[in-house]
Visitor: 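Attaching a single structure in C-alpha cells format; questions to follow.
One is the number of the first residue; the rest follow in order along the sequence. Atoms within each ligand, like the ligands themselves, are counted from 1 in listed order. Just so it is clear, the values below take in all heavy atoms, side chains as well, and ignore hydrogens, waters and symmetry mates.
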Amino acid sequence: MASTGRTPRLLAYRTEDPKVGVGAVIWAEGKSGGCDGTGRLYLVGCGYNAYPVGSEYGQYPQMDTKQQDRQRRKYRYIIHAEQNALTFRSEEIREEENTMLFVTKCPCDECVPLIRGAGIKQIYTTDLDSGKDKGDISYLRFHSLQGVLKFIWQKSSLARRASEHAGPHLANGCVRKHGRQPEQALQSNKRLRMAMFSFRVRTMSAGFLWDLPNSGMVAGPLLG
Ligand SMILES: Nc1ccn([C@@H]2O[C@H](COP(=O)(O)OP(=O)(O)OP(=O)(O)O)[C@@H](O)[C@H]2O)c(=O)n1
C-alpha cells in the first residue's frame with residue numbers, strides 16, 4: 001500500500017518544469033476481486049507536470065513569475081500533473097467505486113473543478129502553496145471544495161524549521177536556474193527532501209490502510 005504514496009513523489013522527478021515537480025496518481029478501489037499486487041486497488045492513471053505531449057525541448061517558455069513578462073512565462077503552457085493523470089488515464093472513473101487522487105502539491109484553482117467533475121472521491125495532498133494567489137496560478141479554491149474527502153499533510157514544525165535553516169530547495173531535484181548551490185548545501189537539501197517526503201501516514205479509509213515509513217511530516221486535518 002505504501003506505493004500509493006511513493007508513486008506520485010517519484011513521478012514528480014520526471015517533470016519538465018525546471019523549478020517545481022508535481023506528481024499525481026489516481027487509484028480506484030475495485031468492487032470486484034481483481035488483484036494487481038495492491039489488493040483491491042487498481043491504477044486508473046498517473047501524470048506529472050510537463051509541456052504538451054509531442055512538444056520538443058525548448059519549444060515553450062520555461063520562466064516563472066519573477067523572470068519574464070506574462071507572454072513568456074511557463075504557466076500557460078505546462079499541463080498540470082492532475083490534468084495529465086486525468087487526460088491520459090487508462091481506466092474509466094466509475095461512479096460506484098471509491099476513486100482517489102494522490103498529488104504532491106495542493107491542486108490549483110484550474111484543477112479543482114476538473115478533479116471534482118471527473119468523479120474523484122478522495123484527494124490526498126500536501127499544504128504546499130495552499131491559499132496562495134501567485135497571479136498566473138492560484139490555490140484558493142481547494143480549501144472550500146465540497147463533496148470530496150480531503151486528506152492534507154502539513155510539514156511538521158520540525159521539518160519546517162529544518163527547511164528554513166537549509167534554505168530554498170527544488171521539489172523536482174533540479175538545480176535552480178540562477179546559479180548552483182554549493183555541493184554541501186545541495187546534499188543537505190537532498191537529505192531534507194528525502195526526510196520530508198518520507199512521511200508516515202496511517203489512514204483508515206474505506207477499508208484500506210495507507211502507511212508510509214519514516215515520518216518527516218505529520219498528518220493534517222481531515223477536511224471536507
Ligand atoms: N496542483 C498543481 C499545481 C502546480 N502544478 C505545476 O507546478 C508548477 C508551478 O508551481 P508553483 O509553485 O505554483 O510556481 P513556481 O514556479 O514556484 O512559481 P513562483 O516562483 O511564483 O512561486 C507548474 O509547472 C504547474 O504546472 C501542478 O502540476 N499541479
Visitor: Distance under 4.0 Å to a non-hydrogen atom of Asp129: what atoms of ligand 1 satisfy this?
Guide: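 Once the distances to Asp129 are compared, the set is 12 (O), 13 (O).
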Visitor: Can you tell me if Gly21 contacts ligand 1 (heavy atom of the residue under 4.0 Å from the ligand)?
Guide: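 Flag not set, Gly21 not near ligand 1.
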Visitor: Under 4.0 Å, heavy-atom basis, I'd like to know which part of His80 is in contact with ligand 1: side chain, backbone, both or neither.
Guide: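 Both backbone and side chain.
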Visitor: Give the C-alpha distance, both sets of side-chain angles, the deciding distance and a yes or no for side-chain contact (heavy atoms from CB on, under 4.5 Å) between Glu97 and Lys121.
Guide: CA-CA 9 Å; Glu97 290 179 351; Lys121 301 219 169 47; 6.0 Å; no
Visitor: Would you mind finding which of Thr15, Ile137, Asn49 brings a heavy atom closest to atom 7 (O) of ligand 1?
Guide: Asn49
Visitor: For ligand 1, is Gln83 a contact, meaning one of its heavy atoms is under 4.0 Å away?
Guide: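 Gln83: no contact with ligand 1 (<4.0 Å).
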Visitor: Can you pull out the closest protein heavy atom to atom 13 (O) of ligand 1? Residue, atom name and distance to 0.1 Å, please.
Guide: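 The closest heavy atom on the protein side is Tyr139 OH, 2.5 Å.
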Visitor: If we set the cut-off at 4.0 Å for heavy atoms, which region of Tyr48 has an atom near ligand 1: side chain, backbone, both, or neither?
Guide: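 The answer is neither; Tyr48 stays 4.0 Å or more away.
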Visitor: Where do Trp153 and Thr125 land on the side-chain contact (heavy atoms from CB on, under 4.5 Å) test, with the steps shown first?
Guide: CA-CA 6 Å; Trp153 284 272; Thr125 186; over 6 Å; no
Visitor: Within a strict 4.5 Å, meaning less than it, do heavy atoms of the Lys105 and Val20 side chains meet?
Guide: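 The answer is yes, as the side chains (C-beta and beyond) meet within the 4.5 Å cut-off.
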Visitor: If you measure from each non-hydrogen atom of Cys111 to ligand 1, which part falls under 4.0 Å: side chain, backbone, both or neither?
Guide: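 Neither part.
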Visitor: Could you walk me through whether Leu145 and Lys150 pass side-chain contact (heavy atoms from CB on, under 4.5 Å), step by step?
Guide: CA-CA 9 Å; Leu145 171 64; Lys150 294 176 276 186; 3.9 Å; yes
Visitor: For the residue pair Pro107 and Glu82, establish whether any side-chain heavy-atom pair is separated by less than 4.5 Å.
Guide: yes
Visitor: Which ligand 1 atoms are under 4.0 Å away from a heavy-atom of Lys134?
Guide: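 Numbered from 1, ligand 1 contributes 11 (P), 12 (O), 13 (O), 14 (O), 15 (P), 17 (O), 18 (O), 19 (P), 21 (O), 22 (O).
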Visitor: Would you check if Leu86 and Ile26 make a side-chain contact, meaning some heavy-atom pair closer than 4.5 Å?
Guide: yes
Visitor: Has ligand 1 got any nitrogen or oxygen that is less than 3.5 angstrom from a nitrogen or oxygen of Ile79?
Guide: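 No, no N or O pair falls under 3.5 Å.
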Visitor: Among protein heavy atoms, which lies nearest atom 20 (O) of ligand 1, and at what distance?
Guide: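 Here the nearest protein heavy atom works out to Lys19 NZ, 2.4 Å.
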Visitor: Show the atoms of ligand 1 that are less than 4.0 angstrom away from any heavy atom in Tyr75.
Guide: 9 (C), 14 (O), 15 (P), 16 (O), 18 (O), 19 (P), 21 (O)
Visitor: For ligand 1, find out whether one of its N or O atoms is nearer than 3.5 Å to an N or O atom of Ala81.
Guide: yes
Visitor: Among all protein non-hydrogen atoms, which one is nearest to atom 21 (O) of ligand 1, and what is the separation to 0.1 Å?
Guide: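 Here the nearest protein heavy atom works out to Thr65 OG1, 2.8 Å.
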Visitor: For atom 10 (O) of ligand 1, what's the nearest protein heavy-atom neighbour? Residue, atom name and distance, please.
Guide: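 Here the nearest protein heavy atom works out to Lys105 CE, 3.5 Å.
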Visitor: For this output row, return yes or no: ring centroids of Tyr51 and Tyr77 closer than 6.0 angstrom.
Guide: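 Not close enough - the centres of the two rings lie 6.0 Å or further apart.
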Visitor: Between Glu82 and ligand 1, which residue portion shows a heavy-atom distance shorter than 4.0 Å: side chain, backbone, both, or neither?
Guide: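 Just the side chain.
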Visitor: In terms of side-chain geometry, is the basic nitrogen of Asp136 or Arg76 positioned less than 4.0 Å from the acidic oxygen of its partner?
Guide: no
Visitor: Quick one: do the Gln62 and Tyr60 side chains pair a donor with an acceptor below 3.5 Å?
Guide: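 Tyr60 and Gln62 do not have a side-chain donor-acceptor pair below 3.5 Å.
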Visitor: Using only atom types and a distance under 3.5 Å, with no angle test, would you say the side chain of Asn98 pairs donor to acceptor with the backbone of Glu29?
Guide: no
Visitor: Find all atoms of ligand 1 within a distance of less than 4.0 Å from any non-hydrogen atom belonging to Val22, and give their numbers and elements.
Guide: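 Answer, ordered by atom number: 5 (N), 6 (C), 7 (O), 27 (C), 28 (O), 29 (N).
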Visitor: Among all the protein's non-hydrogen atoms, which is closest to atom 16 (O) of ligand 1, and how far away is it?
Guide: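 I find the closest protein heavy atom is Lys74 NZ, 2.6 Å.
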Visitor: For the backbone of Leu140 and the side chain of Asp109, can you confirm whether one donor and one acceptor N or O come within less than 3.5 Å of each other?
Guide: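 At least one qualifying donor-acceptor pair exists.
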Visitor: Can a donor-acceptor pair be found, under 3.5 Å and without considering hydrogens, that links the side chain of Arg14 to the backbone of Val22?
Guide: no
Visitor: Test Trp27 against Tyr42 for side-chain contact (heavy atoms from CB on, under 4.5 Å), laying out the working first.
Guide: CA-CA 6 Å; Trp27 293 93; Tyr42 66 91; 5.6 Å; no
Visitor: May I ask you to list the atoms of ligand 1 that are less than 4.0 angstrom from any heavy atom of Asp17?
Guide: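 In order of number, 8 (C), 23 (C), 24 (O).
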Visitor: Mark up the atoms of ligand 1 that fall under 4.0 Å of a heavy atom belonging to Ile78, in ascending order.
Guide: 24 (O), 26 (O)
Visitor: If the cut-off is 4.0 Å to any non-hydrogen atom of Cys108, which atoms of ligand 1 fall inside it?
Guide: 1 (N)
